[in-house]
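Contents: one structure, followed by commentary.
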Amino acid sequence: MANPICLTIGLLPASTTPRRKHSSISYPGGLVAYIKNAKRLLADSKAGTNPFDGFTPSVPTGETLAFGDENFIKFEEAGVREAKRAAFVLVAGGLGERLGYNGIKVALPAETTTGTCFLQHYIESILALQEASSEGESKAQIPFVIMTSDDTHGRTLELLESNSYFGMKSTQVTLLKQEKVACLDDNDARLALDPKNRYRIQTKPHGHGDVHSLLHSSGILKVWHDAGLKWVLFFQDTNGLLFKAIPSALGVSSTKQYQVNSLAVPRKAKEAIGGITRLTHSDGRSMVINVEYNQLDPLLRASGYPDGDVNSETGFSPFPGNINQLILELGPYMEELAKTGGAIQEFVNPKYKDASKTAFKSSTRLECMMQDYPKTLPPTARVGFTVMETWFAYAPVKNNAEDAAKVPKGNPYHSATSGEMAIYRANSIILKKAGFQVPDPVLQVFNGQEVEVWPRVTWKPKWGLTFSLIKSKVSGNCSISQRSTLAIKGQKVFIENLSLDGALIIESANDAEVNVGGSVQNKGWTIEPVDYKDSSEPEVLRIRGFKFNKVEQVEEKYSEPGKFQFKKA
Ligand code: UGB
């Protein structure tokens with residue numbers, strides 16, 4: 001097994017950050033070793049060598065959570081308690097080639113009702129957890145690491161600095177930059193030249209698996225351990241729903257004492273997310289691990305499933321879909337990395353020109369994946385997974401409009417269109433569970449994708465961190481019409497007997513308590529289609545295929561401390 005390249009830039013040293021590091025830790029054995037490893041992996045790929053030789057796949061069993069039931073609430077409460085002993089790690093070094101967006105993905109609005117970008121949403125969610133977790137105690141500061149790459153580092157830093165770290169203390173945030181690796185032109189691992197500068201070697205990111213070696217070599221894990229932290233939560237750049245699943249998933253980790261807990265959702269066959277699989281070796285070894293989406297079908301076909309990756313009678317693949325949200329117990333994680341140095345098994349995935357597999361369509365490189373971490377663990381390690389319902393846990397923004405429109409009917413689009421609509425859907429369903437009357441959605445097509453359009457409901461994470469919290473803020477007879485927009489931009493906003501048909505935006509300072517009720521009716525915000533080819537529209541709107549026309553709204557702002565009543569007759 002080869003070791004990954006890693007380079008660390010520790011930024012903003014503080015109590016929970018490692019000492020600043022400028023030296024690069026290069027690929028063990030340097031370029032010579034990289035090329036040697038590449039030759040071996042390329043030869044295996046050409047020969048069609050089965051990386052799972054000797055292993056038989058089967059469907060594993062894990063914890064299944066249904067939003068809002070008794071079990072879920074119990075795990076949410078446990079998770080919130082544990083959060084003060086957690087650190088968060090966002091892997092955000094990816095180019096987002098499939099999305100084709102010009103900016104960094106974390107700067108994209110998760111939804112355009114408030115325009116909150118993914119990074120702001122993530123930070124505000126971590127801060128809400130921090131607040132709830134240490135209530136009544138001295139405030140913990142949850143550390144937040146962002147793994148960047150040359151493609152994303154500068155713009156991520158700029159986004160943070162120009163927005164005052166979205167309310168987080170700058171000392172809580174550490175950026176670790178992953179190094180790129182050399183691209184390869186052919187099966188002999190000849191180095192590819194940069195098409196823009198023929199005097200340079202072309203490079204690309206080495207994959208999200210670099211995060212383990214970077215955390216290890218930066219020294220930050222020890223700092224966290226010494227500070228009494230217990231959990232490290234890894235997540236990806238564009239999932240606007242994820243933090244609805246975090247408290248309960250962390251609760252599962254702590255209650256079940258999982259050293260590794262992977263979050264999963266029901267998976268449609270051939271969906272571009274890996275499958276959580278039990279692999280049992282003929283020598284008796286067994287592990288529960290992600291099998292990446294491009295490897296699952298051939299593995300199944302070679303193991304007595306002649307149809308490969310297909311849906312079962314449930315309409316889903318029997319293998320839960322990996323959403324690459326990992327919760328690791330810090331102590332055992334550190335012990336393991338001390339042995340491996342954070343090295344993660346590499347792979348290569350060349351796109352060949354034809355069946356002879358002699359030439360590539362474009363250059364390739366070695367990669368590694370963060371979810372392969374458990375591969376080196378002993379069989380005694382407590383490795384589990386938690387399956388969540390997709391509607392509240394997973395709606396990534398990965399595909400451009402054209403590719404999303406080609407996704408087979410019934411499979412998720414994973415586009416900016418579906419990602420935003422999924423947030424409104426989840427929030428509407430949650431409000432319904434909390435007692436609101438919410439009508440059925442209507443179906444509309446944007447950028448060639450048919451999506452459910454629910455009332456456009458958004459709230460700040462500190463308002464609705466958990467289901468119990470949301471329920472405590474909604475009472476009486478509340479209703480919202482399908483064409484409505486409701487944006488709750490405050491913490492202590494209590495909704496009682498509200499009937500909303502139009503647009504209502506409530507903003508309040510932390511020490512203002514606002515009771516909202518009565519009948520609000522206005523022309524509201526209409527949804528207008530935007531053609532993704534229409535260059536007169538901003539890219540962030542083109543990629544989702546719609547925009548809001550803010551015709552009329554009620555907007556109330558409470559910036560002073562005190563108790564307030566907003567009630568329309
Ligand atoms: N990323 C990095 O930080 N560095 C890199 O070098 C590459 C990526 P993609 P992918 O949950 O939807 C993963 O490209 O790799 C970051 C899982 O492997 O969005 O195709 C990048 O910025 C798959 O099993 O996804 O597929 C982003 O935040 C499945 O779980 C993250 O890594 C799938 O995600 C993922 O990169 C999914």
Side-chain angles (χ1 to χ4, degrees), residues 4-7 88-101 103-108 118-119 122 145-153 155-156 175-181 183 203-215 234-242 245 262-268 270-277 289-296 309 317 319-326 344-347 349 365-374 385 387-388 390 393-400 403 407 411-416 418-419 422:
I5 281 183
C6 51
L7 171 96
F88 283 81
V89 179
L90 165 64
V91 289
L95 285 165
E97 277 167 309
R98 279 191 273 158
L99 183 64
Y101 171 59
I104 50 167
K105 290 199 281 173
V106 290
L108 266 178
F118 283 103
L119 190 55
Y122 291 152
V145 165
I146 307 173
M147 181 173 81
T148 58
S149 69
D150 278 329
D151 296 314
T152 62
H153 186 83
R155 285 177 288 176
T156 306
L175 267 61
L176 298 176
K177 184 158 75 83
Q178 67 178 139
E179 180 70 320
K180 290 190 190 178
V181 289
C183 291
T203 58
K204 281 191 182 172
H206 188 227
H208 34 74
D210 279 353
V211 73
H212 301 297
S213 58
L214 280 173
L215 287 171
F234 296 84
F235 64 110
Q236 302 194 152
D237 49 19
T238 58
N239 183 4
L241 298 182
L242 182 70
S262 308
L263 263 62
V265 294
R267 174 180 182 275
K268 285 281 184 185
K270 308 206 168 51
E271 194 179 333
I273 62 176
I276 307 269
T277 310
I289 194 86
N290 172 71
V291 175
E292 200 59 342
Y293 45 93
N294 57 331
Q295 294 180 319
L296 189 60
D309 181 16
S317 156
F319 297 92
N322 164 49
I323 63 169
N324 244 12
Q325 157 69 53
L326 307 174
I344 298 295
Q345 202 174 312
E346 292 171 300
F347 65 96
N349 188 17
R365 85 285 196 183
L366 301 192
E367 294 174 76
C368 60
M369 300 189 293
M370 70 171 168
Q371 67 270 34
D372 278 344
Y373 160 74
F385 67 96
V387 183
M388 310 271 187
T390 308
Y394 186 58
V397 177
K398 298 197 178 211
N399 290 328
N400 61 59
D403 290 346
V407 164
N411 274 25
Y413 299 116
H414 294 175
S415 66
S418 60

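Counting starts at 1 for both ligands and their atoms, following the listed order.
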Legend entry - The single option from Gln345, Glu292, Glu346 passing side-chain contact (heavy atoms from CB on, under 4.5 Å) against Met369: Glu292

Legend entry - Shortest protein heavy-atom distance from atom 29 (C) of ligand 1, along with the residue and atom involved: Asn322 O, 3.5 Å

Inset, instruction - Kindly compute the distance separating CD1 (Ile344) from CD (Glu367), expressed to the nearest 0.5 Å. - result: 14.0 Å

Inset, instruction - Applying side-chain contact (heavy atoms from CB on, under 4.5 Å), name anything that partners Ala393, two or more places apart in sequence or on another chain. - result: Ala245, Val265, Met388

Inset, instruction - Closest by any non-hydrogen atom to atom 4 (N) of ligand 1: pick that one out of Gln178, His208, Glu97, Met147. - result: Gln178

Legend entry - Which residue and heavy atom of the protein sit nearest atom 1 (N) of ligand 1, plus the separation: Gly94 N, 3.5 Å

Inset, instruction - For Arg98 and ligand 1, answer yes if some heavy atom of the residue is under 4.0 Å from a ligand atom, otherwise no. - result: yes

Legend entry - Those atoms of ligand 1 less than 4.0 Å from some heavy atom in Ala92: 3 (O), 22 (O)

Legend entry - Presence of salt bridge, Asp237 and Lys105, under 4.0 angstrom: yes

Legend entry - Subset of ligand 1 atoms that lie under 4.0 Å from at least one heavy atom of Ile323: 11 (O), 30 (O)

Inset, instruction - From the options Gln178, Lys204, Lys180, select the one residue that forms a side chain to side chain donor-acceptor pair (under 3.5 Å) with Asp151. - result: Lys180

Inset, instruction - Report the nearest protein non-hydrogen atom to atom 34 (O) of ligand 1: residue, atom name, distance rounded to 0.1 Å. - result: Lys398 NZ, 3.1 Å

Legend entry - Residue pair Asn324 / Gln236, side-chain donor-acceptor N/O under 3.5 Å: yes

Inset, instruction - Provide, to 0.1 Å, the distance between atom 12 (O) of ligand 1 and the closest protein heavy atom, together with that atom's residue and name. - result: Tyr394 OH, 2.2 Å

Inset, instruction - Give a yes/no on ligand 1: does Ser149 have at least one heavy atom closer than 4.0 angstrom to it? - result: no

Legend entry - Intermediate values then yes/no, side-chain contact (heavy atoms from CB on, under 4.5 Å), Phe234 and His212: CA-CA 10 Å; Phe234 296 84; His212 301 297; 4.1 Å; yes

Legend entry - Closest protein heavy atom to atom 28 (O) of ligand 1, given as residue, atom name and distance to 0.1 Å: Val91 O, 2.7 Å

Legend entry - Of the listed options Arg267, Glu292, Lys180, closest to atom 18 (O) of ligand 1 (non-hydrogen atoms): Glu292

Inset, instruction - Below 4.0 angstrom from a heavy atom of Asn290, which ligand 1 atoms are there? Numbered from 1 as shown, please. - result: 24 (O)

Inset, instruction - Name the closest protein heavy atom to atom 3 (O) of ligand 1, giving the residue it belongs to and the distance to 0.1 Å. - result: Gly93 N, 2.7 Å

Legend entry - For Ile273, the ligand 1 atoms whose distance to one of its heavy atoms is below 4.0 Å: 12 (O), 29 (C), 37 (C)

Inset, instruction - Determine whether the side chains of Asn411 and Glu271 contain a donor N or O and an acceptor N or O closer than 3.5 Å. - result: no

Legend entry - Close N or O approach (Gly274, ligand 1; < 3.5 Å): yes

Legend entry - Sub-4.0 Å heavy-atom approach of Tyr293 to ligand 1: yes

Legend entry - Matching residue for Ile146 among Thr152, Leu176, Leu119, Val91 - test: side-chain contact (heavy atoms from CB on, under 4.5 Å): Leu119

Legend entry - Basic-acidic side-chain contact under 4.0 Å: Lys398, Asp403: no

Inset, instruction - Measure the distance from atom 35 (C) of ligand 1 to every protein heavy atom, then report the residue, atom name and distance (to 0.1 Å) of the closest one. - result: Gln236 OE1, 3.3 Å

Inset, instruction - Applying ring-ring contact (aromatic ring centres under 6.0 Å, His included), name anything that partners Phe235, two or more places apart in sequence or on another chain. - result: Tyr122, Phe243

Inset, instruction - Distance to 0.1 Å, residue and atom name: give those for the protein heavy atom nearest to atom 22 (O) of ligand 1. - result: Asp237 OD2, 2.7 Å

